[in-house]
Visitor: 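Questions regarding the structure given below will be posed in turn.
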Amino acid sequence: MRPDTDGDGQRTREQDAIIAALGPVADGIAATLGSFCEVVVHDFRRPERSVVAIAGSVTGRSVGGSMSEIGMGVLARGDEAEDRLNYVTRTSGGKLVKSSTMVLRDSAGTVFGALCVNLDITAVQQAGSLIGELAGVQAPFGVPTTTFGNDIDSVVDALVDTEQLRHSRPWNALDREERLRLFARLDADGVFAVRGAPGRVAERLGISRASAYSYLAQARNATTAEPGPDDAVPAHHEPNGERT
């Protein structure tokens, strides 16, 4: 007997319909809020090219572009992902961006995408700083830099670099436990949800692809044996060892 795939087909059609319906919604939101607004529809079923609809231009991405570190973190949490509302990041070009990321679920509760609203608040922040300076009040605050781009490799590179900076030492100076923690954090950040990511991480760290897969497997085994609040989300594997 042939396996019954009708359920999977129905779910795919439902998810496709939701994605398609959000295109005009993105256009409407961007048109209402004006030139400082960008609305992005992400399809997590294709993480390397997750941007399937975009209205406005704040982050410089286009259809076929990749998700940011924020999106990869949401993807890593799977069906446990929650909306992230009103967070502030900075682009590599210096723009201050206020964003909200709303996860998309089908009728079974499966997370398969996200609707993101990005507002360029650079001018507003500059005006507020000027007013505060004139009033004799200064309240600077640190804002993390987020990589927005059309190439997922640049996002993976940024996450690897960030994790290396946490240790303040190059890879060859890290001991085994530090190396495993680095891979565990990259896994929790959703890096290995991207096809080919172990090879990209290996290249960035200056190690072999086989070593990268070995460290990833050991890190996952360690977090499974010793669960904690920062554990990586367990992954589903394809026959080639990459996470889907």
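Excluded from the calculations below are hydrogen atoms, water molecules and symmetry mates; all remaining heavy atoms, backbone and side chain alike, are included.
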Visitor: Taking all non-hydrogen atoms of both residues into account, name the closest pair between A212 and P198 and its distance.
Guide: CB-O, 3.6 Å

Visitor: Would F112 and F44 count as a close aromatic pair, with their ring centres under 6.0 Å?
Guide: no

Visitor: Strictly by modelled atom types, are S214 and S211 linked by a side-chain donor-acceptor pair under 3.5 Å?
Guide: no

Visitor: Could you please spell out the steps behind the side chain to side chain contact (heavy atoms under 4.5 Å, CB included) verdict for I54 and V39?
Guide: CA-CA 6 Å; I54 188 166; V39 185; over 6 Å; no

Visitor: Return yes if a side-chain donor-acceptor contact under 3.5 Å exists between E14 and S107, otherwise no.
Guide: yes

Visitor: Below 4.5 Å, heavy atoms only, C-beta onward: do F192 and V201 meet side chain to side chain?
Guide: yes

Visitor: Answer yes if the side chains of S100 and Y87 hold a donor-acceptor pair under 3.5 Å, and no otherwise.
Guide: no

Visitor: Between M67 and V74, is there a side-chain heavy-atom distance shorter than 4.5 Å?
Guide: no

Visitor: Flag the pair D16 and R11 as a salt bridge only when some basic side-chain nitrogen lies within less than 4.0 angstrom of an acidic carboxylate oxygen.
Guide: no

Visitor: Could you tell me whether the side chains of R179 and Q218 share a donor-acceptor contact shorter than 3.5 Å?
Guide: no

Visitor: With a 4.5 Å cut-off on side-chain heavy atoms, are I70 and T101 touching?
Guide: yes

Visitor: Look at the aromatic rings of F183 and W171 and report parallel, tilted or perpendicular, splitting at 30° and 60°.
Guide: perpendicular

Visitor: Is the shortest side-chain heavy-atom distance between V117 and M102 below 4.5 Å?
Guide: yes

Visitor: In terms of side-chain geometry, is the basic nitrogen of R61 or E38 positioned less than 4.0 Å from the acidic oxygen of its partner?
Guide: yes

Visitor: Please determine, by modelled atom types, if S99 and N118 share a side-chain donor-acceptor pair under 3.5 angstrom.
Guide: yes

